[in-house]
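Inspection log for the structure reproduced underneath, given as structure tokens.
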Amino acid sequence: MPAKEFAKIVVTWQQQHGRNDLPWQQHNDPYHVLVSELMLQQTQVTTVIPYFERWLQRFPDVTTLAAAEEQEVMAHWQGLGYYRRARNLHAAAKTIVADYAAQIPEQAVELREIPGIGPYTVGAIRSFAFNAPAAIVDGNVKRLFARLFMLPYAVNHSANDRYFWELAEHYTPTSQNRRFAQGLLDLGATICKPKQPLCHACPLQSRCRTYANACVEDYPKRKQKKAIPTKTGHFLLAINRFGVCLEQRPANGIWPSLWCLPEVSQAPDAELGYEFNHTFSHYKLAGKVWLAEPATTTGNLMQVPYSDLADYGLPAPIRKLLAKIDWDEVCNTKQ
DNA sequence: AATTCGGGGGC
DNA sequence: GCCCCAGAATT
């Protein structure tokens with residue numbers, strides 16, 4: 001299909017049926033685009049919206065964000081996951097203020113040097129913030145192309161990325177690319193969904209090779225991935241009438257820089273109080289929570305009153321575990 | 001090229 | 001339970 005024809009179909013459909021009321025679409029502000037794109041990396045739109053709104057209230061522009069304290073930046077990301085993105089966004093703001101006079105650059109080579117901005121986000125910022133003719137390839141675009149052209153390339157195999165990028169660049173129009181790029185994402189998210197795609201409502205149905213062959217749901221092809229391992233983690237629950245001991249985790253590894261129950265490398269000589277399970281994308285964590293005395297814990301500790309726990313960006317499984325504990329009862333039995 | 005980074009939605 | 005999500009950085 002000619003590239004111009006493809007672009008016209010996508011642009012026309014986006015105008016009539018696409019998403020045009022998302023919070024970060026309202027001003028085409030490069031900072032809004034930057035914040036939303038970092039938040040949207042591997043995170044669904046409906047999850048991001050409330051975080052985006054709170055973020056803009058506290059950090060309304062790139063200068064405000066650059067001047068903010070790390071701890072406060074992390075607190076506003078709490079619960080969103082992939083916490084490195086928050087540090088990247090903070091570092092990106094500082095870079096933009098220092099090197100680009102607080103103006104987000106438009107050129108790809110400059111954007112690519114900014115922390116947290118990879119190939120996809122370069123294209124997204126150039127498309128959405130500047131309406132520039134830049135390609136984007138994300139999970140939605142790969143799935144759409146894989147089905148439309150019945151591609152045999154597994155979408156979760158990085159060696160195949162070049163095929164999808166070549167297609168995306170071939171079809172990227174020289175005008176109206178903001179709407180075209182949005183249309184690709186909207187088609188993938190609302191029509192060409194992973195499961196139960198709405199082919200009856202698809203503007204590309206007559207062009208779709210997997211639809212013609214009645215094999216839409218067999219695509220995209222996917223490379224089989226290994227089973228994820230299970231790791232055991234040992235955590236200390238040290239409490240008294242003053243509160244619970246929390247420790248700030250190191251900046252690298254799981255839950256970077258978040259406050260958490262102190263973690264130890266092996267099971268201590270103590271009573272096992274609680275257990276929990278948590279599944280990450282790449283391993284399962286079997287958490288053992290040992291009842292310890294506050295004096296036996298070491299490290300970067302802080303004793304936090306139970307009533308203040310909500311102020312600390314606790315990892316989700318830890319937050320849920322602590323929420324189940326009846327503090328009055330624990331204090332009475334422990335004295 | 002493979003691994004490491006969360007957490008929630010949806011079925 | 002499992003797959004998926006507006007991926008990037010690291011090894």
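Lettering of chains follows the sequences in order, A, B, ..., and the numbering in each one begins at 1.
- Applying the 4.0 Å criterion to OP1 and OP2 of B:dC5, one finds that A:Arg249 has every side-chain N and O outside that range.
- The side chain of A:Lys226 places an N or O atom within less than 4.0 Å of a non-bridging phosphate oxygen (OP1 or OP2) of B:dT3.
- When the nearest nucleotides of DNA chain C are assigned to A:Phe128 and A:Lys195 by heavy-atom distance, the more 5′-ward of the two goes with A:Lys195.
- Below the 3.5 angstrom threshold, one finds no donor paired with an acceptor across the side chain of A:Arg85 and the base of C:dA8.
- Residue A:Ala124 is classed as having no contact, given no heavy-atom separation below 4.0 Å to the nucleic acid.
- A:Gln107 and A:Glu113 share no donor-acceptor pair across their side chains, judged by distance under 3.5 Å alone.
- Heavy atoms of A:Leu80 sit under 4.0 angstrom from at least one base atom.
- Looking only at atom types and distance, the side chain of A:Arg143 has a donor-acceptor partner in the side chain of A:Asn140 under 3.5 Å away.
- For C:dA6, its base sits under 3.5 Å from the side chain of A:Arg19 at one donor and acceptor pair at least.
- The phosphate of C:dG7 has OP1 or OP2 within less than 4.0 Å of a side-chain N or O from A:Gln42.
- Among the atoms of the strands shown, base atoms are found under 4.0 Å from some heavy atom of A:Gln182.
- Checking C:dC4, B:dA2, B:dT4 against the side-chain heavy atoms of A:Pro194 singles out C:dC4 as nearest.
- Two rings, from A:Tyr31 and A:Phe59, have their centers 6.0 Å or more apart.
- Here A:Trp24 lies in heavy-atom contact (under 4.0 Å) with a base.
- Taking only side-chain nitrogens and oxygens, A:Thr121 comes nearer than 4.0 Å to OP1 or OP2 of C:dA8.
- For A:Leu40, the listed nucleotide lying nearest its side chain is C:dA6; candidates were C:dG7, B:dG9, C:dA6.
- Side-chain N/O atoms of A:Lys320 include one lying less than 4.0 angstrom from OP1 or OP2 on B:dG8.
- Note on A:Leu38: nothing from the nucleic acid sits closer than 4.0 angstrom, heavy atoms only.
- Contact annotation: A:His157 side-chain N/O to B:dA2 OP1/OP2 distance is under 4.0 Å.
- Taking every side-chain heavy atom of A:Pro256 into account, B:dG6 is the closest of B:dG9, B:dG6, B:dA1.
- Side-chain proximity of A:Ser281 to B:dG6, B:dG8, C:dG7: nearest is B:dG6.
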